[in-house]
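Read through the structure below, which is laid out as structure tokens, and then see the notes.
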Protein chains: 2
Amino acid sequence: MLAAVLQIRDGALNVLLWQRAMEPALGRWALPGGRLGASEDVQSSVSRQLADKVDLREVAHIEQLGVFSAPDRVPGRRMVATAFLGLVPCDADPAVPSDTRWHPVAALPDTAFDHAAIVRDAQDRLRAKLSYTNLGFALAPAEFTISALRDLYRAALGHPVSATNLQRVLARRGVLVPTGRTAASGPAGGRPAALFRFAEQRLRVTDAFAVLRPPSGEPGLDGAPGTRRSASDLVHPVVT
Amino acid sequence: MLAAVLQIRDGALNVLLWQRAMEPALGRWALPGGRLGASEDVQSSVSRQLADKVDLREVAHIEQLGVFSAPDRVPGRRMVATAFLGLVPCDADPAVPSDTRWHPVAALPDTAFDHAAIVRDAQDRLRAKLSYTNLGFALAPAEFTISALRDLYRAALGHPVSATNLQRVLARRGVLVPTGRTAASGPAGGRPAALFRFAEQRLRVTDAFAVLRPPSGEPGLDGAPGTRRSASDLVHPVVT
DNA sequence: TCAAAAGTGTTCTAGCTACACCCATGG
DNA sequence: CCATGGGTGTAGCTAGAACACTTTTGA
């Protein structure tokens, strides 16, 4: 049970790591996690661990990444880990313990075991889902300007994003709603920016898949709701 | 460790189920699976189980679906299962043991535990990936006509598929290659169909994501290979 | 010559990107 | 009045759906 908790800080994507105080891998940085309790499922467990161990309660979204199970991934004893992606809004500043710290994913320190691969998977998942879901809600504050949002997307995606087009794409999909209010101008002047919020705070697949879709207005053979991209999509046949 | 192995049979998507001979859920139909060995990862383990227990070796693709861990999912004792999707080409006719049988996923019998939900997840995953990857290779025989392929897609997707457009979409993406040969005409005549094969027999994401993509020809900020949809994409926050 | 099945050519459209241009504010 | 940042209008592009039409076979 491991969590790659991501947050945008200072314009870059960061991950929360904890410095190991025990062998194996003493002193190296590792993802927070713990063991599954008897009366909880993996998702509740990981949320609980984050609250208990690193005092992190502002996780806006959490989802499974997959099971990492190479027999030798942890030297010494067999450890099978279920990895999660967690996202924290950029305006949250949780007081984490002294042995944990945020690290830019672009410049990870010396990490324990296969945790660097897990972080890479988490980043890939985030990038993919930002494109076809409303997942931005989990990175953004409750209210924000389009350019602030653009900066978050840029940091998460790793490439320039046009505020103009971001606005329109998200608006067309019904993901963003205007609050009617505006932010104050900056010190150098400039038109005050309108404030927006996300319409929902739960993951929704917003971009129905254009490819091989059922004939327009068709019910489908089995009454299924058409071939929209489901909220489940994954798995890297890679690391295991 | 459970596998939802899917195959198209008689124009419908089927799943391999095994009838339980023990309590709990005696007599109900369940997904094949078993326990993880000490020196294998989950993926090798599930492949091994399929070969050992149901003599199934023709699995063309296998991938993780996720971890199912509701504390009460199996009455009696705590069971956490890692579920997999497996695909068998439609021309394989593996000799499965007498207590296992293929069942249409559209009309599942009385299934044990949460296995019906796992089958639903497997079907969703298959439908999604057929659209944006070359995953068809795992359902199709080595060589096939476009209309045979169309029938496979229709069965898997659950809605009508146009052979014309299927051809063009897959050809443009470089997924299909013509073999140069043709199939014989049917008894009622008709033009003989050209035979094709899949260019690759490994999963590849073919449909680079159109949305929020980096500005054309841009390298990206961190040297990452652009925001293509990664081969990892999933997880239903639903069942766990 | 006709029916059946395969394959091609062409039009239409959704959903983006790109970019020029207009708006509101502070100094 | 001008620099600065926000917002809109619009053209163009790409990938795929829809559908009419042509091709190749067997009877």
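Lettering of chains follows the sequences in order, A, B, ..., and the numbering in each one begins at 1. Just the heavy atoms: all of them, side chains too, but no hydrogens, waters or symmetry mates, feed the values below.
Residue contacts shown for A/T164 include a base, since a base heavy atom lies under 4.0 Å away. B/A163 comes within 4.0 angstrom of nothing in the nucleic acid, heavy atoms only.
As rounded to whole Å, 14 Å separates atom C1' of D/dG6 from atom CG of A/N165. For the pair B/Y132 OH and D/dA15 P, the interatomic distance rounds to 19 Å; values are reported in whole Å. The distance from atom CG of B/L166 to atom P of D/dG16 is 11 Å, rounded to the nearest whole Å. Rounded to a whole Å, the NE2 atom of B/H159 is 14 Å from the P atom of D/dG16.
In this structure, the nucleotide among C/dT10, D/dG9, D/dT24 sitting nearest to the side chain of B/P192 is D/dT24. Residue A/S185 has its side chain nearest to C/dG26 when only C/dG26, C/dG15, C/dC19 are considered. Looking at the side chain of B/Q167, the nearest of the listed nucleotides C/dC19, C/dT8, D/dA18 is C/dT8. Side chain of B/R172, nearest nucleotide from C/dT17, D/dA15, D/dG7: D/dA15. Closest approach to the A/R168 side chain among D/dA17, D/dA15, D/dG9 is made by D/dG9 (side chain taken as heavy atoms from C-beta onward). Set against C/dG7, C/dA18, C/dA24, the side chain of B/I146 has C/dG7 as its closest nucleotide.
Toward the 5′ end of DNA chain C lies the nearest nucleotide of B/R150, the other residue of the pair B/R150 and A/A188 mapping further downstream.
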Exercise for the section: Take A/V161 and A/L157 through the test side chain to side chain contact (heavy atoms under 4.5 Å, CB included) and record every step on the way to the result. Expected result: CA-CA 9 Å; A/V161 174; A/L157 294 173; 4.0 Å; yes
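Looking at A/L130, A/V88, A/L6 one by one, the single match for side-chain contact (heavy atoms from CB on, under 4.5 Å) with A/L139 turns out to be A/L130.
Under 3.5 Å, the side chain of B/R173 and the base of D/dT14 form no donor-acceptor pair of N or O atoms. Taking 3.5 Å as the limit, the base of C/dT8 and the side chain of B/R191 contain no donor-acceptor pair of atoms between them.
Within 6.0 Å of CZ in B/R181 there are 12 or fewer heavy atoms belonging to other residues, nucleotides or ligands. In this structure, B/R204 places its CZ atom where more than 12 heavy-atom neighbours from other residues, nucleotides or ligands lie under 6.0 Å away.
Remark: B/S162 is not in phosphate contact with D/dA17, judged by side-chain N or O atoms under 4.0 Å from OP1 or OP2.
No donor-acceptor pair closer than 3.5 Å links the side chain of B/Q201 to the backbone N or O of B/A60.
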